[in-house]
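Only heavy atoms go into these numbers, but all of them, side chains included; no hydrogens, no water, no symmetry mates.
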Amino acid sequence: METLLKKLIFFYKHHLIYHNDLIIATGRIYQTENAYHIGRLCVRKEYRKKDLGSYILLLLESTVKGTIYISGQVQAKEFYQKNGYQLTGV
């Protein structure tokens, strides 16, 4: 099992934004054999519409080179499209 896990997942990277010791935005990226995957991107409700989500996304994207897929919720579709991603599956 451990060998299989090493083949499937090479790394995870998380970015957090704090305000007064409170995490207000976060996101993660991880690598599989063929691509990178961004997910768990969220911004606290009271901090939304301040471009923090786009900033976290940019930070995550800047750490890798290659194909990136998003694992996001349907209600966030417009956010990802605004940031240059295309819908490929539901």
- Would you name the heavy atoms of Ala25 and Leu52 that are closest together and state the gap between them? CB-CB, 4.3 Å

- Message: Quick check: do Thr32 and Tyr30 have side-chain heavy atoms less than 4.5 Å from each other?
- Response: yes

- Item | Other residues, nucleotides, ligands: >12 heavy atoms within 6.0 Å of Gln81 CD | yes

- Any residue meeting ring-ring contact (aromatic ring centres under 6.0 Å, His included) with Tyr85, in chain and number order, not counting sequence neighbours: none

- What's in the same ILVMFWY side-chain cluster as Tyr18, cut-off under 4.5 Å, chained through other members? Leu16, Ile23

- Query: Excluding sequence neighbours, so at least two apart, what forms side chain to side chain donor-acceptor pair (under 3.5 Å) with Thr63?
  - Reply: none

- Task: Not counting sequence neighbours, which residues clear side chain to side chain contact (heavy atoms under 4.5 Å, CB included) with Lys45? List them please.
- Result: Arg48

- Residue pairs involving residues 13-32 (criterion salt bridge (charged side-chain N to carboxylate O under 4.0 Å, His left out); sequence neighbours excluded): none

- Who are the side chain to side chain donor-acceptor pair (under 3.5 Å) partners of Asn83, not counting sequence neighbours? Ser54

- Item | Partner residues of Gln86 under the side chain to side chain donor-acceptor pair (under 3.5 Å) criterion, sequence neighbours left out | none

- Pair listing, ring pair (Phe, Tyr, Trp, His ring centres under 6.0 Å) test, anchored in residues 51-80, at least two apart: His37-Tyr69

- Message: I'd like to check the side chain to side chain contact (heavy atoms under 4.5 Å, CB included) partners of Ser62; sequence neighbours left out, ordered by chain and number.
- Response: none

- Note on the structure: d(Ile68 CD1, Gln31 CD) to nearest 0.5 Å is 11.0 Å

- Task: Can you see which heavy atom on Leu60 is nearest to which on Leu41, and at what distance?
- Result: CD1-CD1, 4.2 Å

- Item | Heavy-atom donor-acceptor pair, Thr67 side chain to Tyr36 backbone, under 3.5 Å | no

- Message: For a 4.5 angstrom cut-off between non-hydrogen side-chain atoms, does Ile17 reach Ile56?
- Response: yes

- For Glu46, check side chain to side chain donor-acceptor pair (under 3.5 Å) against everything at least two apart and list the hits. Arg44

- Note on the structure: CG (Leu22) and CD1 (Ile24) are apart, to the nearest 0.5 Å, by 7.0 Å

- Query: Of all residues at least two apart in sequence or in a different chain, which pass the ring-ring contact (aromatic ring centres under 6.0 Å, His included) check with His19?
  - Reply: Tyr47

- Just wondering, do Leu57 and Ile70 contact through their side chains at under 4.5 Å, heavy atoms? yes

